[in-house]
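First comes the structure, then the notes that go with it.
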Amino acid sequence: MSPTRKRINRLPFLQWLAIETGLIVLLSLVWFTESRLAGYSAFVGGLIYVIPNAYFAHRMYRFEGAQHAHLVVGNMFRAETVKLALTAVFFAAVFILMEPVHVPALLFTFAVMVALGPLLRWFIRPQPQR
Amino acid sequence: MEMVFIAAALIIGLGALGAGIGFGLLGGKLLESTARQPELGNQLQTKAFIMAGLLDAVPMIGVGIAMYLIFVVAG
(Lines give C-alpha, C1' and ligand atoms only; values in the text may rest on other atoms or scores of the structure.)
Protein backbone atom coordinates (compact mmCIF):
# COMPACT_ATOMS: atom_id res chain seq x y z
CA MET A 1 0.00 0.00 0.00
CA SER A 2 1.51 3.32 -0.97
CA PRO A 3 1.77 5.94 1.79
CA THR A 4 -0.59 8.30 -0.04
CA ARG A 5 -3.41 5.77 -0.11
CA LYS A 6 -6.27 6.44 2.27
CA ARG A 7 -6.75 3.92 5.07
CA ILE A 8 -9.95 1.85 5.08
CA ASN A 9 -10.11 1.28 8.83
CA ARG A 10 -9.51 3.74 11.64
CA LEU A 11 -7.19 1.99 14.07
CA PRO A 12 -7.59 2.87 17.76
CA PHE A 13 -3.87 2.33 18.50
CA LEU A 14 -3.66 5.10 21.08
CA GLN A 15 -6.82 3.95 22.86
CA TRP A 16 -5.49 0.39 23.04
CA LEU A 17 -2.12 1.56 24.35
CA ALA A 18 -3.67 3.91 26.90
CA ILE A 19 -6.08 1.30 28.30
CA GLU A 20 -3.41 -1.41 28.38
CA THR A 21 -0.95 0.90 30.15
CA GLY A 22 -3.67 1.87 32.63
CA LEU A 23 -4.38 -1.80 33.33
CA ILE A 24 -0.67 -2.51 33.86
CA VAL A 25 -0.34 0.41 36.28
CA LEU A 26 -3.42 -0.80 38.17
CA LEU A 27 -2.08 -4.37 38.45
CA SER A 28 1.35 -3.03 39.46
CA LEU A 29 -0.25 -0.98 42.24
CA VAL A 30 -2.06 -4.09 43.48
CA TRP A 31 1.23 -6.02 43.54
CA PHE A 32 2.97 -3.00 45.06
CA THR A 33 0.99 -3.63 48.26
CA GLU A 34 2.95 -6.88 48.65
CA SER A 35 6.38 -5.42 47.95
CA ARG A 36 8.09 -2.81 45.82
CA LEU A 37 9.87 -5.53 43.84
CA ALA A 38 6.56 -7.26 43.08
CA GLY A 39 5.05 -4.01 41.76
CA TYR A 40 8.08 -3.35 39.56
CA SER A 41 8.08 -6.96 38.27
CA ALA A 42 4.35 -6.75 37.49
CA PHE A 43 4.93 -3.57 35.47
CA VAL A 44 7.72 -5.25 33.49
CA GLY A 45 5.48 -8.31 32.89
CA GLY A 46 2.81 -6.05 31.44
CA LEU A 47 5.31 -4.28 29.19
CA ILE A 48 6.50 -7.66 27.86
CA TYR A 49 2.93 -8.15 26.60
CA VAL A 50 2.26 -4.65 25.29
CA ILE A 51 5.36 -4.07 23.12
CA PRO A 52 5.14 -7.25 20.92
CA ASN A 53 1.37 -6.80 20.62
CA ALA A 54 1.69 -3.20 19.45
CA TYR A 55 4.10 -4.44 16.77
CA PHE A 56 1.64 -7.22 15.81
CA ALA A 57 -1.26 -4.78 15.42
CA HIS A 58 0.87 -2.36 13.41
CA ARG A 59 2.13 -5.09 11.10
CA MET A 60 -1.26 -6.77 10.63
CA TYR A 61 -2.93 -3.52 9.49
CA ARG A 62 -0.15 -2.54 7.12
CA PHE A 63 -2.35 -3.75 4.27
CA GLU A 64 -6.12 -3.62 4.13
CA GLY A 65 -8.94 -4.64 1.83
CA ALA A 66 -9.84 -7.65 -0.28
CA GLN A 67 -7.32 -6.72 -3.01
CA HIS A 68 -4.46 -7.19 -0.55
CA ALA A 69 -5.83 -10.28 1.24
CA HIS A 70 -2.72 -12.35 0.42
CA LEU A 71 -0.47 -9.63 1.83
CA VAL A 72 -2.64 -9.38 4.96
CA VAL A 73 -2.26 -13.11 5.60
CA GLY A 74 1.48 -13.08 4.88
CA ASN A 75 1.98 -10.15 7.21
CA MET A 76 -0.12 -11.87 9.88
CA PHE A 77 2.17 -14.93 9.82
CA ARG A 78 5.33 -12.80 9.94
CA ALA A 79 3.95 -10.59 12.69
CA GLU A 80 3.01 -13.61 14.80
CA THR A 81 6.49 -15.12 14.40
CA VAL A 82 8.19 -11.88 15.38
CA LYS A 83 5.76 -11.41 18.29
CA LEU A 84 6.56 -14.82 19.78
CA ALA A 85 10.30 -14.28 19.23
CA LEU A 86 10.17 -10.82 20.85
CA THR A 87 8.27 -12.24 23.83
CA ALA A 88 10.88 -14.98 24.28
CA VAL A 89 13.75 -12.47 24.00
CA PHE A 90 12.14 -10.06 26.47
CA PHE A 91 11.50 -12.84 29.00
CA ALA A 92 15.07 -14.11 28.62
CA ALA A 93 16.44 -10.58 29.01
CA VAL A 94 14.38 -9.98 32.15
CA PHE A 95 15.41 -13.28 33.75
CA ILE A 96 19.09 -12.71 32.92
CA LEU A 97 19.46 -8.96 33.45
CA MET A 98 16.87 -8.12 36.11
CA GLU A 99 18.07 -9.38 39.47
CA PRO A 100 16.11 -10.01 41.66
CA VAL A 101 12.71 -10.50 40.04
CA HIS A 102 9.36 -11.45 41.58
CA VAL A 103 8.38 -14.25 39.18
CA PRO A 104 4.73 -14.77 40.28
CA ALA A 105 3.98 -11.05 39.81
CA LEU A 106 5.73 -11.00 36.42
CA LEU A 107 3.96 -14.09 35.04
CA PHE A 108 0.57 -13.28 36.61
CA THR A 109 0.45 -9.77 35.13
CA PHE A 110 1.58 -11.12 31.76
CA ALA A 111 -1.10 -13.85 31.82
CA VAL A 112 -3.83 -11.39 32.84
CA MET A 113 -2.83 -9.02 30.02
CA VAL A 114 -2.79 -11.91 27.52
CA ALA A 115 -6.33 -12.83 28.57
CA LEU A 116 -7.62 -9.24 28.57
CA GLY A 117 -5.94 -8.17 25.31
CA PRO A 118 -8.37 -9.88 22.88
CA LEU A 119 -11.32 -8.69 25.00
CA LEU A 120 -10.08 -5.13 24.74
CA ARG A 121 -9.65 -5.48 20.98
CA TRP A 122 -13.16 -6.94 20.76
CA PHE A 123 -14.79 -4.03 22.57
CA ILE A 124 -12.66 -1.32 20.92
CA ARG A 125 -12.24 -2.70 17.42
CA PRO A 126 -11.05 -0.95 14.25
CA GLN A 127 -13.93 0.89 12.63
CA PRO A 128 -14.33 1.57 8.91
CA GLN A 129 -13.64 5.22 8.07
CA ARG A 130 -16.67 7.17 6.89
CA MET B 1 18.52 -30.83 35.12
CA GLU B 2 18.15 -32.22 31.61
CA MET B 3 14.47 -32.85 32.34
CA VAL B 4 13.94 -29.10 32.79
CA PHE B 5 15.27 -28.42 29.31
CA ILE B 6 13.13 -31.22 27.88
CA ALA B 7 10.09 -29.74 29.62
CA ALA B 8 10.85 -26.27 28.24
CA ALA B 9 11.38 -27.70 24.75
CA LEU B 10 8.05 -29.56 24.96
CA ILE B 11 6.22 -26.42 26.13
CA ILE B 12 7.64 -24.26 23.34
CA GLY B 13 7.42 -26.96 20.67
CA LEU B 14 3.84 -28.04 21.34
CA GLY B 15 2.76 -24.41 21.77
CA ALA B 16 4.32 -23.51 18.43
CA LEU B 17 2.70 -26.55 16.80
CA GLY B 18 -0.75 -25.55 18.05
CA ALA B 19 -0.27 -21.91 17.09
CA GLY B 20 1.01 -22.96 13.64
CA ILE B 21 -2.00 -25.17 12.94
CA GLY B 22 -4.37 -22.50 14.25
CA PHE B 23 -2.81 -19.70 12.23
CA GLY B 24 -2.76 -21.86 9.13
CA LEU B 25 -6.48 -22.52 9.45
CA LEU B 26 -7.21 -18.88 10.32
CA GLY B 27 -5.23 -17.51 7.38
CA GLY B 28 -6.69 -20.06 4.97
CA LYS B 29 -10.26 -19.30 6.03
CA LEU B 30 -9.57 -15.55 5.83
CA LEU B 31 -8.32 -15.87 2.25
CA GLU B 32 -11.20 -18.17 1.30
CA SER B 33 -13.93 -16.01 2.78
CA THR B 34 -12.42 -12.79 1.42
CA ALA B 35 -12.39 -14.37 -2.05
CA ARG B 36 -16.06 -15.37 -1.67
CA GLN B 37 -17.25 -11.99 -0.38
CA PRO B 38 -14.68 -9.25 -1.04
CA GLU B 39 -17.00 -6.56 0.33
CA LEU B 40 -16.64 -8.13 3.80
CA GLY B 41 -12.83 -8.05 3.62
CA ASN B 42 -12.40 -5.36 6.30
CA GLN B 43 -14.74 -6.99 8.80
CA LEU B 44 -13.09 -10.36 8.24
CA GLN B 45 -9.64 -8.85 8.75
CA THR B 46 -10.75 -7.33 12.06
CA LYS B 47 -12.24 -10.62 13.23
CA ALA B 48 -9.09 -12.51 12.17
CA PHE B 49 -7.03 -9.97 14.14
CA ILE B 50 -9.10 -10.59 17.29
CA MET B 51 -8.99 -14.36 16.80
CA ALA B 52 -5.20 -14.22 16.37
CA GLY B 53 -4.98 -12.61 19.82
CA LEU B 54 -7.01 -15.46 21.33
CA LEU B 55 -5.11 -18.09 19.40
CA ASP B 56 -1.64 -17.18 20.61
CA ALA B 57 -2.61 -16.68 24.26
CA VAL B 58 -1.54 -20.15 25.39
CA PRO B 59 1.76 -20.28 23.38
CA MET B 60 2.69 -16.82 24.73
CA ILE B 61 2.19 -17.89 28.34
CA GLY B 62 4.05 -21.12 27.49
CA VAL B 63 7.01 -19.11 26.21
CA GLY B 64 7.08 -17.16 29.48
CA ILE B 65 7.03 -20.32 31.60
CA ALA B 66 9.64 -22.01 29.37
CA MET B 67 11.99 -19.03 29.70
CA TYR B 68 11.51 -19.16 33.47
CA LEU B 69 12.41 -22.86 33.45
CA ILE B 70 15.48 -22.33 31.29
CA PHE B 71 16.94 -19.20 32.88
CA VAL B 72 15.80 -19.40 36.52
CA VAL B 73 15.13 -23.05 37.42
CA ALA B 74 17.98 -24.52 35.38
CA GLY B 75 20.21 -21.43 35.30
Side-chain angles (χ1 to χ4, degrees), chain A residues 8-9 11 45 48-49 52-53 56-57 60-61 63-70 72-77 79-81 83-97 99 101 103-104 106-108 110-123 125-129, chain B residues 4-5 8-75:
Chain A
I8 300 171
N9 288 313
L11 294 183
I48 292 175
Y49 169 79
N53 259 282
F56 180 76
M60 176 129 187
Y61 275 96
F63 297 98
E64 295 175 303
Q67 271 188 326
H68 299 109
H70 61 294
V72 170
V73 173
N75 265 313
M76 186 172 78
F77 291 156
E80 177 60 23
T81 312
K83 179 175 146 182
L84 277 176
L86 272 179
T87 307
V89 167
F90 284 159
F91 267 115
V94 165
F95 287 134
I96 292 170
L97 302 175
E99 195 69 39
V101 59
V103 178
L106 184 92
L107 287 178
F108 178 81
F110 180 75
V112 168
M113 291 306 295
V114 165
L116 290 180
L119 273 180
L120 175 68
R121 280 160 178 70
W122 176 259
F123 286 116
R125 64 184 91 164
Q127 297 291 334
Q129 286 193 353
Chain B
V4 175
F5 290 114
L10 278 175
I11 292 172
I12 294 179
L14 291 177
L17 183 71
I21 293 171
F23 266 87
L25 289 172
L26 182 68
K29 296 286 179 190
L30 176 63
L31 277 178
E32 197 181 304
S33 45
T34 306
R36 273 181 203 272
Q37 286 182 294
E39 69 276 11
L40 292 181
N42 292 320
Q43 291 178 38
L44 292 167
Q45 185 179 358
T46 302
K47 283 180 173 60
F49 174 60
I50 294 165
M51 282 310 298
L54 283 171
L55 194 59
D56 66 4
V58 175
M60 291 256 289
I61 295 170
V63 163
I65 293 171
M67 290 299 131
Y68 169 68
L69 288 177
I70 293 170
F71 291 104
V72 179
V73 176

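Lettering of chains follows the sequences in order, A, B, ..., and the numbering in each one begins at 1.
A heavy-atom distance below 4.5 Å is not found between the side chains of A:F90 and B:M67.
The most heavy-atom pairs under 4.5 Å with chain A, out of B:G64, B:G28, B:A66, come from B:G64. Here B:I61 is the residue among B:I61, B:I12, B:V72, B:L44 with the most heavy-atom pairs under 4.5 Å with chain A. Ranked by heavy-atom pairs under 4.5 Å with chain A, the first of B:G41, B:G27, B:G53 is B:G27.
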At a 3.5 Å cut-off, give me the donor-acceptor pairs between chain B and chain A, one pair per line with the distance.
{"from": "B:Q45", "atom 1": "NE2", "to": "A:M60", "atom 2": "O", "distance (Å)": "3.2"}
{"from": "B:Q45", "atom 1": "NE2", "to": "A:F63", "atom 2": "O", "distance (Å)": "3.0"}
{"from": "B:T46", "atom 1": "OG1", "to": "A:Y61", "atom 2": "OH", "distance (Å)": "3.2"}
{"from": "B:D56", "atom 1": "OD2", "to": "A:K83", "atom 2": "NZ", "distance (Å)": "2.4"}

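Neither the backbone nor the side chain of A:A79 comes within less than 4.5 Å of any heavy atom in chain B. Residue B:L30 touches chain A through its side chain alone, counting heavy-atom pairs closer than 4.5 Å. Contacts of B:A48 with chain A are made by both backbone and side-chain atoms, with heavy-atom separations under 4.5 Å.
A:A66 and B:P38 make their closest contact through CB-O, 3.5 Å (heavy atoms, listed as atom of the first residue, atom of the second, distance). Heavy atoms only, all atoms of each residue included: B:I50 and A:P118 are closest at CG2-O, 4.1 Å.
Applying the ring-ring contact (aromatic ring centres under 6.0 Å, His included) test to B:F23 and every residue at least two apart in sequence or in another chain returns nothing.
A:F77 CZ to B:L26 CG: the interatomic distance, rounded to the nearest 0.5 Å, is 7.5 Å.
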